[in-house]
Protein chains: 2
Amino acid sequence: MSALTERKKQILAIIIERYIATAEPVGSKAICAYMGNAVSSATIRNDMADLVELGLLEQPHTSAGRVPSQAGYRYYVDNLMTSYELGVDEQERIKIWLQSFSGEPDKLLEKAGNILAELTSCVAVSSSPSDDEAFIRRIELVPLSDHTAMIVLLATSGILKSAVVRCDAEINVEIAEVFYNICQTYFTGRNVADITLTFIQTLVASLGDKVFIMSPFLCAIADLCSAVKTTEIHLKGQNNILNHTELSEDAFRLMDFMHRGTPLESIINSQKKPLNVSIGTENPYKELRNSTTIFSKYSVGERDSGAIGIIGPTRLDYARLISTIRYLAGVIGTMLTETLDE
Amino acid sequence: MSALTERKKQILAIIIERYIATAEPVGSKAICAYMGNAVSSATIRNDMADLVELGLLEQPHTSAGRVPSQAGYRYYVDNLMTSYELGVDEQERIKIWLQSFSGEPDKLLEKAGNILAELTSCVAVSSSPSDDEAFIRRIELVPLSDHTAMIVLLATSGILKSAVVRCDAEINVEIAEVFYNICQTYFTGRNVADITLTFIQTLVASLGDKVFIMSPFLCAIADLCSAVKTTEIHLKGQNNILNHTELSEDAFRLMDFMHRGTPLESIINSQKKPLNVSIGTENPYKELRNSTTIFSKYSVGERDSGAIGIIGPTRLDYARLISTIRYLAGVIGTMLTETLDE
DNA sequence: AGTTAGCACTCACCACAACAGAGTGCTAAC
DNA sequence: GTTAGCACTCTGTTGTGGTGAGTGCTAACT
């Protein structure tokens with residue numbers, strides 16, 4: 001595969017970079033100029049013909065310049081791209097943006113999505129950390145009024161979920177005590193995956209009439225546990241779809257696709273390497289056949305917990321985006337790990 | 001203004017209803033058929049010419065049918081539209097959808113936005129209840145770990161806000177006691193608008209070194225108070241913009257407009273009547289000149305607290321949408337008022 | 001007066017042809 | 001292997017003529 005001559009690589013790189021910058025097919029003459037007229041346009045034409053032969057370039061029509069094919073982008077990303085280091089100022093900016101984070105992982109990832117969308121002019125997708133092997137670290141009951149209370153559940157993964165519950169009986173100290181006793185006995189330290197609604201049902205039944213009144217609280221706990229292991233997905237910068245003219249004809253389908261949710265979840269969950277670039281038809285969904293997705297996993301502690309990335313056209317400034325996403329994922333990872341340690 | 005003959009009104013109504021249904025200009029012959037050939041197409045043409053004269057209709061070009069003008073829609077909404085009663089099954093469906101609501105106003109309004117977007121195929125906008133005259137009903141400190149705690153603030157408006165705070169010192173019973181004392185003395189019962197960051201600063205200064213450590217908690221409270229009075233806006237179903245072909249050329253601008261946030265906020269806050277329909281240029285923003293907005297305020301207790309509505313093209317099924325939005329706003333109001341009473 | 005039939009007219013839409021321009025592919029020479 | 005030269009191809013644009021839907025107007029009718 002790497003049987004390309006240096007010049008062909010150079011030509012391919014120029015075409016891709018020019019095309020990324022201008023969205024116009026690149027002609028032999030323009031390339032010639034970009035190479036400082038080292039060789040003539042005819043020579044370049046010959047090389048370009050070979051590159052088309054290899055499937056790395058495409059010509060929209062006979063008399064247009066060349067455009068990178070998906071394989072061309074792939075080759076570029078794998079072999080040609082000069083890796084780009086995020087400037088210190090940009091790094092600082094990102095950190096400052098994220099600084100307001102105070103300990104709620106969900107909010108951090110939502111914010112990170114916003115930043116990424118802003119920075120890349122693409123649609124940003126981020127998933128809150130999810131961990132179905134998480135344990136319940138702590139459950140708290142926060143009385144709000146005579147008949148309502150908030151239940152706060154903290155998992156070992158650092159994830160925090162809360163819900164407001166209404167209760168027919170008055171929520172007094174006695175009830176709170178019963179609640180904490182039940183939590184201590186049946187919930188704290190258990191795997192969130194164990195706390196299902198059916199588990200709650202059998203539990204309530206076994207506890208008998210006395211604590212029947214607890215039932216809404218316990219159901220809420222089950223819901224929170226399921227929320228802990230559910231991947232929560234944040235979609236930001238959807239308006240950016242319309243920025244990219246090459247996507248405009250797919251815009252509707254794409255929008256719809258992204259709002260369906262589950263496919264995105266499966267994409268997020270299927271990230272193999274730390275950083276994945278899927279170009280066009282490399283994506284598992286046909287709606288993305290003209291799009292590129294770039295996702296980076298982030299880790300909390302030693303665990304891969306979620307991912308953040310973008311969906312954009314295939315014509316992307318890969319070098320910049322990859323380093324941005326990688327950096328962001330790194331920062332998220334360290335921030336979340338820090339909170340975990342405490 | 002109501003100097004229109006009955007027949008002209010009928011013609012106008014038919015044109016609008018046909019156009020709403022088909023998005024095609026309506027010709028005299030078609031109207032003739034819809035009127036059961038009661039009069040000839042020539043007569044209708046004469047009437048249509050008058051309606052154009054009055055500015056209620058427009059013709060895209062000489063040889064096309066007629067299309068409602070913005071003024072036409074306005075006349076229709078004000079005088080012609082047969083009000084539509086939401087079916088009981090639809091009412092039930094909405095209630096069941098919203099049922100999962102347990103006491104967090106923010107979540108209820110987010111959900112309501114989702115429902116509305118679903119139901120109308122428009123972009124739904126909803127604002128969480130905001131009330132800058134709300135008082136602090138309750139503040140709770142929920143310890144999460146040695147150095148982090150969650151602060152929960154409940155306002156008299158029923159709004160619930162929470163934040164996680166990190167603290168250098170260990171959060172023990174002693175600190176909690178100091179916290180609650182401060183809350184009791186300086187916060188509970190006060191107007192949220194009073195609790196500004198500068199207020200906190202002077203407070204911290206006056207309390208002296210001993211409680212300097214409380215500072216992050218108190219700042220968090222100030223943030224929560226400002227969140228209570230801030231209008232929080234939920235935007236749902238943005239993918240629906242692309243459903244409406246007549247908006248497609250404005251789609252980009254519209255998307256951008258909606259993502260800017262502040263204009264939406266000002267629209268929400270400037271709702272005069274319980275239910276407002278703004279057609280095209282009646283909207284205060286030029287980006288909406290081809291759009292219609294329909295918003296209904298909802299009330300918690302006796303107070304107008306927020307609004308919910310849609311942004312769509314001018315070609316809308318006004319009757320259905322208006323009744324849907326009105327109903328939804330009513331349900332939201334009662335649900336929120338109920339939680340308030342407790 | 002209001003209504004109607006009849007008819008010329010207007011304009012968007014479509015298809016087809018002509019044309020210019022950009023960029024190529026190929027050939028023959030270097 | 002490289003280059004100059006040139007015919008060729010294809011797109012995008014412009015212009016023309018035909019078609020059809022729907023109108024506006026006039027003159028006759030009730």
Side-chain angles (χ1 to χ4, degrees), chain A residues 3-12 14-19 21-69 72 245-246 248-249, chain B residues 3-12 14-19 21-69 72 245-246 248-249:
Chain A
L4 290 187
T5 63
E6 275 312 309
R7 196 180 55 213
K8 281 180 186 169
K9 289 183 186 174
Q10 195 188 351
I11 291 172
L12 182 56
I14 289 176
I15 289 177
I16 290 179
E17 275 151 24
R18 288 318 302 154
Y19 186 68
T22 65
E24 299 278 319
V26 188
S28 55
K29 244 174 110 179
I31 297 172
C32 196
Y34 267 89
M35 292 173 71
N37 297 307
V39 289
S40 81
S41 65
T43 310
I44 292 169
R45 280 202 292 280
N46 288 331
D47 285 351
M48 289 200 297
D50 293 348
L51 290 169
V52 170
E53 192 78 16
L54 289 167
L56 298 173
L57 292 179
E58 279 168 358
Q59 34 190 351
H61 53 267
T62 343
S63 75
R66 300 307 209 285
V67 156
S69 69
T245 46
E246 53 260 68
S248 61
E249 63 179 39
Chain B
L4 291 187
T5 62
E6 275 311 310
R7 195 179 57 212
K8 280 180 187 169
K9 289 183 187 176
Q10 194 189 352
I11 290 172
L12 182 56
I14 289 177
I15 290 177
I16 290 179
E17 275 152 23
R18 289 317 303 155
Y19 186 68
T22 65
E24 299 277 320
V26 188
S28 55
K29 244 175 110 178
I31 297 171
C32 196
Y34 267 89
M35 291 174 71
N37 297 308
V39 289
S40 80
S41 66
T43 309
I44 293 169
R45 279 202 292 281
N46 288 331
D47 284 351
M48 290 202 296
D50 292 349
L51 290 169
V52 170
E53 191 79 15
L54 289 168
L56 298 173
L57 293 179
E58 279 168 359
Q59 35 190 352
H61 52 267
T62 341
S63 73
R66 299 308 209 286
V67 157
S69 70
T245 45
E246 54 260 68
S248 63
E249 62 180 38

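Chain naming here is simple, since letters A, B, ... match the order of the sequence lines and numbering starts at 1 in each. It should be emphasised that the depicted structure is a prediction, and the values quoted were computed from it without experimental measurement.
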(request) Take the protein atom CG of Asp47(B) and the nucleotide atom C1' of dT23(D), then report the distance between them rounded to whole Å. (result) 15 Å

(message) Assuming nearest nucleotide by heavy-atom distance, tell me which of Ser40(B) and Thr62(B) is located more 5' along DNA chain C.
(response) Ser40(B)

(message) I'd like to know if Ser63(A) reaches the base of dC10(D) with its side chain such that a donor and an acceptor end up less than 3.5 angstrom apart.
(response) yes

(request) For Lys8(B) and dT3(C), give me the distance from atom NZ to atom P, rounded to whole Å. (result) 10 Å

(request) Decide yes or no for Met48(B) and Gln59(B): does some side-chain heavy atom of the first lie under 4.5 Å from some side-chain heavy atom of the second? (result) no

(request) Start with the C-alpha gap between Ser40(A) and Thr43(A), add the side-chain angles, then the distance that decides, and say whether side-chain hydrogen bond (donor to acceptor under 3.5 Å, both in side chains) holds. (result) CA-CA 5 Å; Ser40(A) 81; Thr43(A) 310; 3.2 Å; yes

(request) Rounded to the nearest angstrom, tell me the gap between atom CD1 in Ile11(A) and atom C1' in dG1(D). (result) 13 Å

(request) Indicate, with a heavy-atom threshold strictly under 4.0 Å, whether Ser28(A) touches base, sugar-phosphate, or nothing. (result) sugar-phosphate

(message) Side chain of Arg7(A) only, heavy atoms from C-beta on: which candidate in dT3(C), dT3(D), dT2(D) is closest?
(response) dT2(D)

(request) Take the protein atom CD of Glu24(A) and the nucleotide atom P of dG21(C), then report the distance between them rounded to whole Å. (result) 18 Å

(request) Report the distance from atom CE of Met48(A) to atom C1' of dT2(D), rounded to the nearest whole Å. (result) 15 Å

(message) Quick check on Lys8(B): does its NZ atom have over 12 non-hydrogen neighbours (other residues, nucleotides or ligands) under 6.0 Å away?
(response) yes

(message) What is the distance, to the nearest angstrom, from the CD atom on Glu53(A) to the P atom on dC26(C)?
(response) 11 Å

(request) Measure the distance from CD1 on Ile44(B) to C1' on dA5(C) and round it to the nearest whole Å. (result) 14 Å

(request) Hunt down the Watson-Crick or G-U wobble partner of dT13(D), both distances under 3.5 Å, from any strand shown, or write none. (result) dA18(C)

(request) Round to a whole Å and report the spacing from NE2 of His61(B) to P of dG20(D). (result) 15 Å

(message) Once hydrogens and angles are ignored, does a donor-acceptor distance under 3.5 Å link the base of dG5(D) to the side chain of Arg45(A)?
(response) yes

(request) Can you tell me the pairing partner of dA1(C) across any strand shown, Watson-Crick or G-U wobble, with both distances under 3.5 angstrom? (result) none

(request) Check every strand shown and say whether Ala64(A) touches a base, only sugar-phosphate, or nothing at a heavy-atom separation below 4.0 Å. (result) sugar-phosphate

(message) Suppose we define a pair by two distances each less than 3.5 Å, Watson-Crick or G-U wobble; what does dC8(D) pair with here?
(response) dG23(C)

(request) Quickly, which of Ile15(A), Ile14(A), Leu51(A), Ile11(A) forms a side-chain contact (heavy atoms from CB on, under 4.5 Å) with Ile44(A)? Name it, please. (result) Ile11(A)

(message) With a 4.0 Å cutoff (strictly under), does any side-chain N or O of Arg66(B) reach OP1 or OP2 of dG22(D)?
(response) no

(request) Could you check Val39(B) against Gly27(A) and say which one's nearest nucleotide on DNA chain C is further toward the 5' end? (result) Val39(B)

(request) Please report the closest heavy-atom contact between Val39(B) and Cys32(B), naming both atoms and the distance. (result) O-SG, 3.1 Å

(message) Whether Gln59(B) contacts dT10(C) is assessed here as follows: a side-chain N or O lying under 4.0 Å from the phosphate OP1 or OP2. Is that the case?
(response) no

